[in-house]
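Beneath this line is the structure, given in structure tokens, with notes to follow.
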Amino acid sequence: MLSARFLLLRLPLTSRSLCSGVAAKHGKTPTMADVRDKLREIVGASTNWSDHQQAMAERASLSSMLAKSQSNLPGKTMKDSRQEVHLPLGSEPQLREKYLTFHNTVRFGRILEDLDSLAVLISYSHTYNPALKRSPLSIVTALVDKIDMRQHIIYPDCDIKFTGHVSWVGKTSIEAKMHMSQFMNGAYAPILDATFVMVARDPQNKRAAFVNPLIPEGPEEEKLLQEGEANKVRRVELSTASLLKVAPTDEERKIVHSLFLNTLDTNTVSFRSRLLPPNSVWMEDAKLKGLEICHPQERNIFNRIFGGFLMRKAYELGWANACSYAGRRPTLVAVDDILFQKPVEIGSLLLLSSQVCYTQDQYIQVRVHSEVFDPLTRQHSTTNIFHYTFASDADVPNIVPKTYGESMLYLDGKRHLNQTVHP
Ligand SMILES: CCCCCCCCCC(=O)SCCNC(=O)CCNC(=O)[C@H](O)C(C)(C)COP(=O)(O)OP(=O)(O)OC[C@H]1O[C@@H](n2cnc3c(N)ncnc32)[C@H](O)[C@@H]1OP(=O)(O)O
């Protein structure tokens, strides 16, 4: 239980004074609700679940509209995909309810959903073909490369603005960069920067589909494009160096061995007898699990489970685990490398499992693994891995692995923390 004193300390300053007169004039700037309506229109999504099969059959017929190669598609500029979207939390109290936490901050899980929808709209704007009524592309989220928090408190009653555009393209993939800011003290202040990788598929989401080339305009855009290229190289390097594929480095092996030695009982001189060092928690005692039944309400425009919903659920579970571990409410520092490996079908049983996998001073690195479970075949298959970095306002106990598998999770967590906190 959180003490009342603690709650008082952690409550943000009353934001009303910060954003008084918020009713920022948006004119006809789209809102998040407009973004979702627009996406449904672009792909011809069914509004009722009962119509989804017909809508999917109609989309299948769009296959012939796909480009045979990337060079057949006209180049687009970053301007073509640029979007600005408002979330009028300050001026629309009814909307605020959806975003509000008990602690009078904004539910970050909801922001993840909005970023996901915006990244999809940005990608559709880049691939827009005025000759077609509907887009033949199914654009799905493949990876949340990074979300860097520039400010840790998001006020629930100040207007929010999202901006973003395509920053790099491959043959069938698109990198979208987005920024979120909040209206405070008469101006918009930066809250976070996000980079998502989206992948274009055919109308039935069965194979990859080409996207328009990107033409940079001016040195700033050239630089963004080069950064996108470097990001792609980094992603390939990271995946080839994954601890699931290759052994840890010499330095990492030493860390694991030293953790092991620290837990040996010097009296018994046995490899089996293990003792928990002071101010530490065994990794097996820092897990939190959840189950989601994937109802039609959470479907995306392609009648699969919306990626943003998965991120929200995984974030909330990860946050609860970090909160329970620290014994106080942590703040989010960064989100990185959220991998969408397989689509989640409507009706699935989705098992979410969160694990504190690395700690350092006040930082807590949490990994959430999600898998679908088929009760008929009893088969499990991994759909997503999520990585969240949290910070507490005091140092937290050290997490200690016992098995070799846990040690690999520990090293993976350390890599993620080093990348997000001390890049
Ligand atoms: C109702 C209102 C809601 C409105 C919001 C709508 C939002 C809709 C968006 C979603 O919700 S999507 C749902 C969440 N995402 C998923 O379910 C995706 C699940 N994952 C997959 O289906 C596949 O893993 C994926 C299509 C992403 C990749 O499949 P493959 O690994 O077979 O891809 P392939 O090898 O053919 O590579 C295709 C491209 O993807 C790139 N790629 C694949 N995995 C990647 C990765 N992990 N990171 C970066 N790029 C990646 C790859 O480099 C390549 O790019 P280039 O052609 O440009 O070189």
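Numbering of ligands and ligand atoms starts at 1, following listing order.
- Contacts of Val140 with ligand 1, taken as heavy-atom pairs under 4.0 Å, involve both backbone and side chain.
- A salt bridge is defined here as a Lys NZ or Arg NE, NH1 or NH2 lying under 4.0 Å from an Asp or Glu carboxylate O, and Arg96 with Asp157 fails to meet this definition.
- Using a 4.0 Å cut-off between charged side-chain N and carboxylate O, Lys38 and Glu41 make a salt bridge.
- At a threshold of 4.0 Å, the pair Lys177-Asp193 does not count as salt-bridged, since none of the basic side-chain nitrogens sits closer than that to a carboxylate oxygen.
- Of all atoms in ligand 1, numbered sequentially from 1 with element shown, those under 4.0 Å from a heavy atom of Leu339 are 47 (N).
- For the pairing with Lys223, the salt bridge (Lys or Arg N to Asp or Glu O under 4.0 Å) check across Glu220, Glu221, Glu227 returns one residue only, Glu227.
- Under the 4.0 Å criterion applied to side-chain N and carboxylate O atoms, Arg134 and Glu58 are not assigned as salt-bridge partners.
- For Asp37 and Arg40, the salt-bridge test passes: some basic side-chain N is under 4.0 Å from an acidic carboxylate O.
- Under 4.0 Å from ligand 1, heavy atoms of Thr141 appear from its side chain as well as its backbone.
- Scanning the protein for heavy atoms near atom 4 (C) of ligand 1, the closest one is Leu39 CD1, 3.7 Å.
- The existence of a salt bridge linking Asp116 and Arg312 is excluded, since no basic side-chain nitrogen approaches an acidic carboxylate oxygen closer than 4.0 Å.
- Taking atom 10 (C) of ligand 1 as the reference point, the nearest protein heavy-atom neighbour is Asn300 ND2, 3.4 Å.
- Set against the non-hydrogen atoms of Ile305, the atoms of ligand 1 under 4.0 Å away are 13 (C).
- Close approach to Gly170 involves these atoms of ligand 1, each under 4.0 Å from a residue heavy atom: 58 (O).
- In terms of protein heavy atoms, atom 59 (O) of ligand 1 is closest to Lys232 NZ, 3.5 Å.
- There is a protein heavy atom closer than 4.0 angstrom to atom 47 (N) of ligand 1.
- Ligand 1 has a nitrogen or oxygen under 3.5 angstrom from a nitrogen or oxygen of Gly307.
- At a 4.0 Å cut-off, at least one heavy atom of Arg299 sits close enough to ligand 1 to count as contact.
- Using a 4.0 Å cut-off between a side-chain N of Lys or Arg and a carboxylate O of Asp or Glu, Glu113 and Arg110 qualify as a salt bridge.
- Inside a 4.0 Å radius of atom 40 (O) of ligand 1 there is at least one protein heavy atom.
- With respect to atom 7 (C) of ligand 1, the closest heavy atom belonging to the protein is Val120 CG2, 3.5 Å.
- A salt bridge is defined here as a Lys NZ or Arg NE, NH1 or NH2 lying under 4.0 Å from an Asp or Glu carboxylate O, and Glu175 with Arg235 meets this definition.
- Of the options Lys342, Lys38, Arg201, Glu298, the smallest heavy-atom separation from atom 26 (C) of ligand 1 is shown by Arg201.
- Donor-acceptor pairing under 3.5 Å is recorded for the side chains of Ser125 and Gln83.
- In terms of N/O distances under 3.5 Å, ligand 1 is not approached by Ser117.
- Minimum interatomic distance between Pro248 and Leu243 (heavy atoms only, all atoms of both residues): CA-CD2, 3.7 Å.
- Residue contact check for ligand 1: Gln341 places a non-hydrogen atom closer than 4.0 Å to it.
- For the residues Ser239, Ser123, Ser138, Ala142, the heavy atom positioned nearest atom 45 (C) of ligand 1 is part of Ala142.
- Residue-ligand proximity, Ile301 to ligand 1, at heavy-atom distances under 4.0 Å covers atoms 6 (C).
- At the shortest separation from atom 17 (O) of ligand 1 among protein heavy atoms lies Pro343 CA, 3.3 Å.
- For atom 38 (C) of ligand 1, the closest non-hydrogen atom on the protein side is Thr172 OG1, 3.5 Å.
- Using modelled atom types and a 3.5 Å distance limit, the side chains of Asp114 and Ser117 yield no donor-acceptor pair.
- Contact of the Phe390 side chain with the Tyr363 side chain is not registered, since no non-hydrogen atoms from C-beta on lie closer than 4.5 Å.
- Proximity of Thr383 to ligand 1, defined as any heavy-atom pair under 4.0 Å, is not found for any part of the residue.
- Close to ligand 1: Arg40, with a non-hydrogen atom less than 4.0 angstrom away.
- When each atom of ligand 1 is checked for a heavy atom of Leu143 under 4.0 Å away, the hits are 48 (N).
- To the nearest 0.5 Å, the span separating CD1 on Ile338 from CG on Leu112 amounts to 6.5 Å.
- Under the 4.0 Å distance rule, the nearest protein heavy atom to atom 21 (C) of ligand 1 falls inside the cut-off.
- Distances from atom 31 (O) of ligand 1 to the protein include no heavy-atom value under 4.0 Å.
- You'll find the side chain of Leu100 reaches within 4.5 Å of the side chain of Pro156, heavy atoms only.
- Side-chain atoms of His416 and Gln365 form no donor-acceptor pair, as typed in the model, at a separation below 3.5 Å.
- Residue contacts with ligand 1 for Val199 involve side-chain atoms from C-beta outward but no N, CA, C or O (heavy atoms, distance under 4.0 Å).
- Distances from atom 49 (C) of ligand 1 to the heavy atoms of Asn205, Leu310, Val197 put Val197 nearest.
- Separation of atoms SG (Cys357) and CZ (Arg367) is listed at 7.0 Å; rounding is to 0.5 Å.
- At a distance under 4.0 Å, no protein heavy atom can be found next to atom 52 (C) of ligand 1.
- Any N or O atom pair closer than 3.5 Å counts here, and Arg235 shares no such pair with ligand 1.
- At the shortest separation from atom 5 (C) of ligand 1 among protein heavy atoms lies Phe306 CE1, 3.5 Å.
- In this structure, atom 35 (O) of ligand 1 has no protein heavy-atom contact shorter than 4.0 Å.
- For atom 55 (O) of ligand 1, the nearest protein heavy atom lies closer than 4.0 Å.
- Among Tyr124, Phe340, Trp168, the residue whose heavy atom sits closest to atom 19 (C) of ligand 1 is Phe340.
- Salt bridge annotation for Lys146-Asp148: present, with a cationic side-chain nitrogen under 4.0 angstrom from a carboxylate oxygen.
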